[in-house]
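Reckoned from all heavy atoms, side chains included, excluding hydrogens, waters and symmetry mates. None of these values were measured; they are calculated from a predicted model. All chains are named by letter (A, B, ...) in the order of the sequence lines, taking the proteins before the strands, and each is independently numbered beginning at 1.
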Protein chains: 2
Amino acid sequence: MFLKTTEYALRAVLYIARESHEDRRVSLAAVARAIGSPASFTAKIMQQLSRDNRIVCSVRGPGGGFYMTPASRQLPMQAILEAMGEEHLMTKCVLGLRQCSEKQPCPMHEAYQPVKAGLMRLFTHHTIGEMAGEPEWRKRLQQKRRPGLKR
Amino acid sequence: MFLKTTEYALRAVLYIARESHEDRRVSLAAVARAIGSPASFTAKIMQQLSRDNRIVCSVRGPGGGFYMTPASRQLPMQAILEAMGEEHLMTKCVLGLRQCSEKQPCPMHEAYQPVKAGLMRLFTHHTIGEMAGEPEWRKRLQQKRRPGLKR
DNA sequence: TGAATAAAAGACAAAATTATCCTTAATTAT
DNA sequence: ATAATTAAGGATAATTTTGTCTTTTATTCA
(Lines give C-alpha, C1' and ligand atoms only; values in the text may rest on other atoms or scores of the structure.)
Protein backbone atom coordinates (compact mmCIF):
# COMPACT_ATOMS: atom_id res chain seq x y z
CA MET A 1 0.00 0.00 0.00
CA PHE A 2 2.41 2.67 1.21
CA LEU A 3 6.18 2.97 1.04
CA LYS A 4 8.10 1.67 4.03
CA THR A 5 9.03 5.27 4.77
CA THR A 6 5.38 6.19 5.08
CA GLU A 7 4.55 3.15 7.16
CA TYR A 8 7.32 4.18 9.55
CA ALA A 9 5.97 7.73 9.57
CA LEU A 10 2.47 6.57 10.47
CA ARG A 11 3.83 4.35 13.24
CA ALA A 12 6.09 7.09 14.56
CA VAL A 13 3.39 9.73 14.73
CA LEU A 14 0.93 7.39 16.43
CA TYR A 15 3.62 6.41 18.92
CA ILE A 16 4.51 10.00 19.67
CA ALA A 17 0.85 10.92 20.00
CA ARG A 18 0.60 8.29 22.73
CA GLU A 19 3.82 8.81 24.55
CA SER A 20 4.47 12.53 24.49
CA HIS A 21 3.19 15.79 25.89
CA GLU A 22 4.52 19.31 25.64
CA ASP A 23 6.64 18.63 28.73
CA ARG A 24 7.31 14.93 28.22
CA ARG A 25 9.28 14.45 25.00
CA VAL A 26 10.40 11.22 23.41
CA SER A 27 13.86 10.80 21.96
CA LEU A 28 14.73 9.73 18.44
CA ALA A 29 16.19 6.52 19.83
CA ALA A 30 12.95 5.73 21.64
CA VAL A 31 10.88 6.34 18.52
CA ALA A 32 13.17 4.19 16.39
CA ARG A 33 13.05 1.37 18.91
CA ALA A 34 9.28 1.57 19.22
CA ILE A 35 8.55 1.49 15.51
CA GLY A 36 11.28 -0.98 14.57
CA SER A 37 13.11 1.28 12.16
CA PRO A 38 16.86 1.99 12.05
CA ALA A 39 17.69 5.09 14.09
CA SER A 40 19.37 7.14 11.38
CA PHE A 41 16.66 6.33 8.89
CA THR A 42 14.06 7.28 11.45
CA ALA A 43 15.91 10.56 11.85
CA LYS A 44 15.26 11.42 8.20
CA ILE A 45 11.61 10.61 8.56
CA MET A 46 11.30 12.70 11.71
CA GLN A 47 12.81 15.63 9.85
CA GLN A 48 10.01 15.47 7.32
CA LEU A 49 7.40 15.16 10.03
CA SER A 50 8.74 18.03 12.13
CA ARG A 51 9.33 20.47 9.30
CA ASP A 52 7.68 23.73 10.44
CA ASN A 53 6.53 21.74 13.49
CA ARG A 54 3.43 20.94 11.49
CA ILE A 55 2.83 17.39 12.66
CA VAL A 56 5.34 16.83 15.42
CA CYS A 57 7.47 19.39 17.22
CA SER A 58 11.14 18.83 17.86
CA VAL A 59 13.48 20.26 20.47
CA ARG A 60 17.26 19.90 20.41
CA GLY A 61 19.65 19.63 23.29
CA PRO A 62 19.46 17.83 26.63
CA GLY A 63 15.96 16.72 27.53
CA GLY A 64 14.97 17.39 23.96
CA GLY A 65 13.12 15.12 21.59
CA PHE A 66 9.76 15.02 19.88
CA TYR A 67 6.27 15.76 21.06
CA MET A 68 2.83 16.61 19.73
CA THR A 69 0.59 19.50 20.58
CA PRO A 70 -3.14 19.09 21.15
CA ALA A 71 -3.65 21.01 17.90
CA SER A 72 -1.57 18.50 15.91
CA ARG A 73 -3.57 15.65 17.37
CA GLN A 74 -6.63 17.18 15.75
CA LEU A 75 -5.11 16.85 12.28
CA PRO A 76 -6.57 14.16 10.04
CA MET A 77 -4.39 11.10 9.44
CA GLN A 78 -4.07 12.34 5.89
CA ALA A 79 -1.73 15.08 7.13
CA ILE A 80 0.91 12.40 7.73
CA LEU A 81 0.61 11.17 4.16
CA GLU A 82 0.89 14.73 2.90
CA ALA A 83 4.03 15.34 4.93
CA MET A 84 5.51 12.22 3.34
CA GLY A 85 4.29 13.16 -0.13
CA GLU A 86 2.11 10.08 -0.54
CA GLU A 87 -1.40 11.47 -0.34
CA HIS A 88 -1.95 10.55 -3.99
CA LEU A 89 -2.03 6.86 -3.05
CA MET A 90 -5.55 7.34 -1.76
CA THR A 91 -6.89 8.69 -5.02
CA LYS A 92 -4.67 6.82 -7.45
CA CYS A 93 -6.07 4.43 -10.06
CA VAL A 94 -5.54 0.73 -9.19
CA LEU A 95 -3.91 0.20 -12.56
CA GLY A 96 -1.78 3.30 -12.12
CA LEU A 97 -3.34 5.13 -15.06
CA ARG A 98 -3.10 8.91 -14.99
CA GLN A 99 -6.09 9.51 -17.22
CA CYS A 100 -8.43 7.21 -15.33
CA SER A 101 -11.52 9.04 -14.11
CA GLU A 102 -15.26 8.87 -13.87
CA LYS A 103 -15.44 10.01 -17.51
CA GLN A 104 -12.64 7.77 -18.73
CA PRO A 105 -12.78 4.79 -16.39
CA CYS A 106 -10.28 1.96 -16.48
CA PRO A 107 -11.67 -1.58 -16.44
CA MET A 108 -11.43 -1.77 -12.67
CA HIS A 109 -12.64 1.74 -11.93
CA GLU A 110 -16.19 0.99 -10.91
CA ALA A 111 -15.32 -2.03 -8.80
CA TYR A 112 -12.42 -0.23 -7.10
CA GLN A 113 -14.44 2.90 -6.40
CA PRO A 114 -15.83 1.83 -2.99
CA VAL A 115 -12.37 0.69 -1.85
CA LYS A 116 -10.92 4.07 -2.77
CA ALA A 117 -13.77 5.83 -1.00
CA GLY A 118 -13.08 3.76 2.11
CA LEU A 119 -9.41 4.62 2.02
CA MET A 120 -10.10 8.32 1.66
CA ARG A 121 -12.61 8.20 4.45
CA LEU A 122 -10.14 6.39 6.67
CA PHE A 123 -7.56 9.14 6.35
CA THR A 124 -9.79 12.19 6.20
CA HIS A 125 -12.44 11.36 8.80
CA HIS A 126 -10.12 10.21 11.57
CA THR A 127 -7.76 12.44 13.48
CA ILE A 128 -4.32 11.38 14.65
CA GLY A 129 -5.41 11.64 18.27
CA GLU A 130 -8.38 9.41 17.63
CA MET A 131 -6.28 6.73 15.95
CA ALA A 132 -3.72 6.82 18.74
CA GLY A 133 -6.39 5.94 21.29
CA GLU A 134 -6.14 2.17 21.15
CA PRO A 135 -4.74 0.51 24.27
CA GLU A 136 -3.56 -2.72 22.64
CA TRP A 137 -0.86 -0.98 20.68
CA ARG A 138 1.09 0.33 23.64
CA LYS A 139 1.06 -3.06 25.33
CA ARG A 140 2.51 -4.72 22.27
CA LEU A 141 5.22 -2.15 21.77
CA GLN A 142 6.41 -2.65 25.31
CA GLN A 143 6.51 -6.40 24.83
CA LYS A 144 8.55 -5.92 21.70
CA ARG A 145 10.96 -3.46 23.25
CA ARG A 146 11.97 -5.88 25.99
CA PRO A 147 11.58 -9.36 24.55
CA GLY A 148 13.12 -11.08 27.56
CA LEU A 149 10.73 -9.46 30.03
CA LYS A 150 9.50 -11.97 32.58
CA ARG A 151 5.78 -12.74 32.48
CA MET B 1 -0.91 0.36 -3.88
CA PHE B 2 0.89 -2.13 -6.12
CA LEU B 3 4.33 -2.14 -7.68
CA LYS B 4 4.57 -0.75 -11.17
CA THR B 5 5.32 -4.28 -12.35
CA THR B 6 2.02 -5.48 -10.98
CA GLU B 7 0.09 -2.54 -12.39
CA TYR B 8 1.54 -3.39 -15.80
CA ALA B 9 0.61 -7.03 -15.27
CA LEU B 10 -2.99 -6.16 -14.45
CA ARG B 11 -3.22 -3.87 -17.49
CA ALA B 12 -1.60 -6.45 -19.75
CA VAL B 13 -3.87 -9.30 -18.74
CA LEU B 14 -7.02 -7.19 -19.06
CA TYR B 15 -5.84 -6.03 -22.48
CA ILE B 16 -5.11 -9.55 -23.66
CA ALA B 17 -8.43 -10.76 -22.27
CA ARG B 18 -10.12 -8.20 -24.51
CA GLU B 19 -8.05 -8.47 -27.64
CA SER B 20 -7.15 -12.12 -27.96
CA HIS B 21 -8.66 -15.49 -28.70
CA GLU B 22 -7.08 -18.91 -29.19
CA ASP B 23 -6.67 -18.09 -32.87
CA ARG B 24 -6.15 -14.34 -32.62
CA ARG B 25 -2.98 -13.65 -30.68
CA VAL B 26 -1.50 -10.31 -29.69
CA SER B 27 2.20 -9.62 -30.00
CA LEU B 28 4.49 -8.45 -27.24
CA ALA B 29 4.90 -5.14 -29.07
CA ALA B 30 1.12 -4.64 -29.16
CA VAL B 31 0.76 -5.36 -25.46
CA ALA B 32 3.61 -3.02 -24.56
CA ARG B 33 2.13 -0.24 -26.67
CA ALA B 34 -1.34 -0.75 -25.22
CA ILE B 35 -0.29 -0.68 -21.58
CA GLY B 36 2.36 2.02 -21.96
CA SER B 37 5.25 -0.06 -20.69
CA PRO B 38 8.68 -0.48 -22.32
CA ALA B 39 8.73 -3.52 -24.60
CA SER B 40 11.62 -5.40 -22.99
CA PHE B 41 10.28 -4.78 -19.53
CA THR B 42 6.87 -5.96 -20.65
CA ALA B 43 8.59 -9.11 -21.93
CA LYS B 44 9.75 -9.97 -18.43
CA ILE B 45 6.29 -9.43 -17.03
CA MET B 46 4.74 -11.59 -19.76
CA GLN B 47 7.17 -14.35 -18.84
CA GLN B 48 5.83 -14.37 -15.30
CA LEU B 49 2.25 -14.32 -16.53
CA SER B 50 2.70 -17.10 -19.09
CA ARG B 51 4.70 -19.44 -16.87
CA ASP B 52 3.02 -22.84 -17.23
CA ASN B 53 0.44 -21.00 -19.35
CA ARG B 54 -1.44 -20.42 -16.13
CA ILE B 55 -2.81 -16.96 -16.83
CA VAL B 56 -1.89 -16.22 -20.42
CA CYS B 57 -0.64 -18.61 -23.07
CA SER B 58 2.30 -17.78 -25.30
CA VAL B 59 3.29 -19.05 -28.75
CA ARG B 60 6.63 -18.36 -30.42
CA GLY B 61 7.41 -17.93 -34.07
CA PRO B 62 5.62 -16.12 -36.90
CA GLY B 63 2.02 -15.36 -36.07
CA GLY B 64 2.78 -16.10 -32.47
CA GLY B 65 2.06 -13.97 -29.45
CA PHE B 66 -0.14 -14.12 -26.37
CA TYR B 67 -3.74 -15.17 -25.83
CA MET B 68 -6.10 -16.25 -23.10
CA THR B 69 -8.25 -19.35 -22.89
CA PRO B 70 -11.85 -19.24 -21.68
CA ALA B 71 -10.66 -21.15 -18.60
CA SER B 72 -8.10 -18.48 -17.74
CA ARG B 73 -10.77 -15.81 -18.04
CA GLN B 74 -12.62 -17.54 -15.23
CA LEU B 75 -9.71 -17.04 -12.83
CA PRO B 76 -10.20 -14.45 -10.10
CA MET B 77 -8.23 -11.22 -10.51
CA GLN B 78 -6.23 -12.38 -7.53
CA ALA B 79 -4.50 -14.94 -9.77
CA ILE B 80 -2.65 -12.08 -11.44
CA LEU B 81 -1.40 -10.80 -8.09
CA GLU B 82 -0.29 -14.31 -7.18
CA ALA B 83 1.62 -14.71 -10.43
CA MET B 84 3.42 -11.45 -9.61
CA GLY B 85 3.98 -12.42 -5.99
CA GLU B 86 1.99 -9.53 -4.56
CA GLU B 87 -1.10 -11.22 -3.17
CA HIS B 88 -0.01 -10.27 0.35
CA LEU B 89 -0.79 -6.62 -0.36
CA MET B 90 -4.47 -7.38 0.09
CA THR B 91 -4.07 -8.77 3.58
CA LYS B 92 -1.16 -6.68 4.78
CA CYS B 93 -1.41 -4.34 7.77
CA VAL B 94 -1.62 -0.62 6.85
CA LEU B 95 1.30 0.10 9.12
CA GLY B 96 3.26 -2.82 7.69
CA LEU B 97 3.34 -4.70 10.99
CA ARG B 98 3.81 -8.46 10.73
CA GLN B 99 2.25 -9.27 14.06
CA CYS B 100 -0.87 -7.16 13.48
CA SER B 101 -4.01 -9.29 13.80
CA GLU B 102 -7.45 -9.42 15.32
CA LYS B 103 -5.86 -10.49 18.60
CA GLN B 104 -3.00 -7.99 18.46
CA PRO B 105 -4.45 -5.09 16.49
CA CYS B 106 -2.39 -2.07 15.47
CA PRO B 107 -3.94 1.35 16.14
CA MET B 108 -5.46 1.48 12.68
CA HIS B 109 -6.58 -2.13 12.51
CA GLU B 110 -10.27 -1.69 13.23
CA ALA B 111 -10.69 1.34 10.99
CA TYR B 112 -8.75 -0.27 8.13
CA GLN B 113 -10.59 -3.58 8.37
CA PRO B 114 -13.46 -2.68 5.98
CA VAL B 115 -11.01 -1.31 3.41
CA LYS B 116 -9.02 -4.52 3.50
CA ALA B 117 -12.22 -6.55 3.18
CA GLY B 118 -13.20 -4.49 0.14
CA LEU B 119 -9.82 -5.05 -1.47
CA MET B 120 -9.96 -8.78 -0.90
CA ARG B 121 -13.49 -8.92 -2.23
CA LEU B 122 -12.45 -6.96 -5.31
CA PHE B 123 -9.79 -9.47 -6.27
CA THR B 124 -11.45 -12.69 -5.17
CA HIS B 125 -15.06 -12.11 -6.26
CA HIS B 126 -14.35 -10.81 -9.75
CA THR B 127 -12.96 -12.88 -12.58
CA ILE B 128 -10.53 -11.56 -15.17
CA GLY B 129 -13.13 -11.97 -17.91
CA GLU B 130 -15.64 -9.99 -15.92
CA MET B 131 -13.24 -7.13 -15.33
CA ALA B 132 -12.23 -7.04 -18.97
CA GLY B 133 -15.84 -6.44 -20.00
CA GLU B 134 -15.83 -2.64 -19.95
CA PRO B 135 -16.18 -0.92 -23.32
CA GLU B 136 -14.67 2.44 -22.35
CA TRP B 137 -11.24 0.96 -21.87
CA ARG B 138 -10.79 -0.32 -25.41
CA LYS B 139 -11.88 3.00 -26.85
CA ARG B 140 -9.32 4.88 -24.82
CA LEU B 141 -6.50 2.54 -25.67
CA GLN B 142 -7.16 3.03 -29.36
CA GLN B 143 -7.15 6.79 -28.94
CA LYS B 144 -3.86 6.59 -27.11
CA ARG B 145 -2.23 4.33 -29.66
CA ARG B 146 -2.87 6.75 -32.51
CA PRO B 147 -2.92 10.24 -31.05
CA GLY B 148 -3.16 11.97 -34.43
CA LEU B 149 -6.28 10.09 -35.50
CA LYS B 150 -8.74 12.36 -37.33
CA ARG B 151 -12.25 12.87 -35.91
C1' DT C 1 31.70 30.46 28.97
C1' DG C 2 32.39 25.66 28.15
C1' DA C 3 30.96 20.91 28.00
C1' DA C 4 27.44 17.71 27.12
C1' DT C 5 23.24 16.36 24.76
C1' DA C 6 20.09 15.75 21.06
C1' DA C 7 18.17 16.79 16.60
C1' DA C 8 19.28 18.75 11.67
C1' DA C 9 21.70 18.37 7.61
C1' DG C 10 24.66 16.48 4.22
C1' DA C 11 27.34 12.92 1.94
C1' DC C 12 27.56 8.37 0.96
C1' DA C 13 26.35 3.15 0.51
C1' DA C 14 23.35 -0.87 -0.09
C1' DA C 15 19.36 -2.99 -1.78
C1' DA C 16 15.33 -3.28 -4.48
C1' DT C 17 12.83 -1.91 -8.44
C1' DT C 18 12.57 -0.63 -13.09
C1' DA C 19 14.56 -0.78 -17.58
C1' DT C 20 17.69 -2.21 -21.58
C1' DC C 21 20.29 -5.21 -24.54
C1' DC C 22 21.93 -9.37 -26.43
C1' DT C 23 21.74 -14.25 -27.23
C1' DT C 24 19.01 -18.55 -27.43
C1' DA C 25 15.09 -21.46 -28.49
C1' DA C 26 10.81 -22.44 -30.76
C1' DT C 27 7.73 -22.05 -34.67
C1' DT C 28 6.34 -20.98 -39.36
C1' DA C 29 6.87 -20.46 -44.14
C1' DT C 30 9.79 -20.84 -48.16
C1' DA D 1 17.01 -27.49 -44.69
C1' DT D 2 17.12 -22.45 -44.43
C1' DA D 3 15.57 -18.12 -43.36
C1' DA D 4 12.46 -15.25 -40.95
C1' DT D 5 9.71 -14.28 -36.96
C1' DT D 6 8.55 -14.11 -32.21
C1' DA D 7 8.95 -15.14 -27.28
C1' DA D 8 12.33 -16.93 -23.50
C1' DG D 9 16.29 -16.23 -20.88
C1' DG D 10 20.45 -14.09 -19.17
C1' DA D 11 23.47 -10.29 -18.20
C1' DT D 12 23.80 -5.64 -17.25
C1' DA D 13 22.53 -0.77 -16.27
C1' DA D 14 19.72 3.14 -14.36
C1' DT D 15 16.77 4.73 -10.95
C1' DT D 16 14.48 4.79 -6.63
C1' DT D 17 14.09 3.44 -2.08
C1' DT D 18 16.16 2.26 2.04
C1' DG D 19 19.85 2.59 5.21
C1' DT D 20 24.42 4.48 7.32
C1' DC D 21 27.84 7.65 8.84
C1' DT D 22 29.80 12.17 9.86
C1' DT D 23 29.50 16.97 10.74
C1' DT D 24 26.85 20.96 12.15
C1' DT D 25 23.54 23.50 14.88
C1' DA D 26 20.62 24.40 18.77
C1' DT D 27 19.80 23.88 23.67
C1' DT D 28 20.67 22.87 28.50
C1' DC D 29 23.36 22.73 32.52
C1' DA D 30 27.37 23.37 35.27
(request) Nearest-nucleotide wise, let me know which of B/Thr6 and A/Gly64 is further upstream toward the 5' end of DNA chain C. (result) A/Gly64
(request) Under 4.0 Å between any heavy atoms, over every strand shown, what does B/Ser37 touch: base, sugar-phosphate, or nothing? Just pick one. (result) nothing
(message) Any side-chain to backbone donor/acceptor pair from A/Ser101 onto A/Gln104? Under 3.5 Å, distance only.
(response) yes
(message) Measure NZ/A/Lys4 against P/C/dA16 and give the value in whole Å, please.
(response) 9 Å
(request) Verify, without hydrogens or angle tests, whether A/Thr127 (side chain) and A/Glu130 (backbone) share a donor-acceptor contact under 3.5 angstrom. (result) yes
(message) Could you walk me through whether A/Tyr112 and B/Phe2 satisfy the ring pair (Phe, Tyr, Trp, His ring centres under 6.0 Å) test, starting with their C-alpha distance in whole Å, then the side-chain angles of each, then the deciding distance to 0.1 Å, before giving a yes or no?
(response) CA-CA 13 Å; A/Tyr112 182 64; B/Phe2 298 110; 8.5 Å; no
(request) Could you give me the CA-CA distance, side-chain angles and deciding distance for B/Arg54 and B/Leu49, then say whether side-chain contact (heavy atoms from CB on, under 4.5 Å) is met? (result) CA-CA 7 Å; B/Arg54 260 193 50 71; B/Leu49 292 172; over 6 Å; no
(request) Measure from the side-chain N and O atoms of A/Ser72 to the backbone N and O of A/Met68, and report whether any donor-acceptor pair falls under 3.5 Å. (result) no
(message) One pair to check against salt bridge (charged side-chain N to carboxylate O under 4.0 Å, His left out): A/Glu87 and A/Lys92. What are the steps and the verdict?
(response) CA-CA 9 Å; A/Glu87 68 278 25; A/Lys92 197 187 162 196; over 6 Å; no
Can you give the donor-acceptor pairs under 3.5 Å from side chains of residues 77-86 of chain B to other protein atoms, not counting sequence neighbours?
| unit_1 | atom_1 | unit_2 | atom_2 | d |
| --- | --- | --- | --- | --- |
| B/Glu86 | OE2 | B/Leu3 | N | 3.3 |
| B/Glu86 | OE2 | B/Thr6 | OG1 | 2.6 |

(request) Measure from the side chain of B/Arg60, starting at C-beta and using heavy atoms only, and say which of C/dT18, C/dA26, C/dA6 lies closest. (result) C/dA26
(message) Strictly by salt bridge (charged side-chain N to carboxylate O under 4.0 Å, His left out), give each pair with a member in residues 55-74 of chain A just once, sequence neighbours left out.
(response) none
(request) Output every pair passing ring pair (Phe, Tyr, Trp, His ring centres under 6.0 Å) with a member in residues 30-71 of chain B, not counting sequence neighbours, ordered by first then second residue. (result) B/Tyr8-B/Phe41
(request) Consider only side-chain heavy atoms of I, L, V, M, F, W and Y, link residues closer than 4.5 Å, and tell whether B/Val59 and B/Val31 are in one cluster. (result) no
(message) Near DNA chain D, counting only heavy atoms under 4.0 Å, which residues of residues 38-56 of chain A show up?
(response) A/Pro38, A/Ser40, A/Phe41, A/Lys44
(message) Quick one: does any side-chain atom of B/Thr91 pair with a main-chain N or O of B/His88 as donor and acceptor, under 3.5 Å?
(response) yes
(message) Does anything in residues 66-73 of chain A come within less than 4.0 Å of DNA chain C? Heavy atoms only, and list the residues if so.
(response) A/Phe66
(request) Calculate the interatomic distance between B/Met84 atom CE and C/dA16 atom C1'; express it in whole Å. (result) 15 Å
(message) I'd like the 5' and 3' limits of the part of DNA chain D contacted by chain A, with heavy-atom contacts below 4.0 Å.
(response) D/dT18 to D/dT28
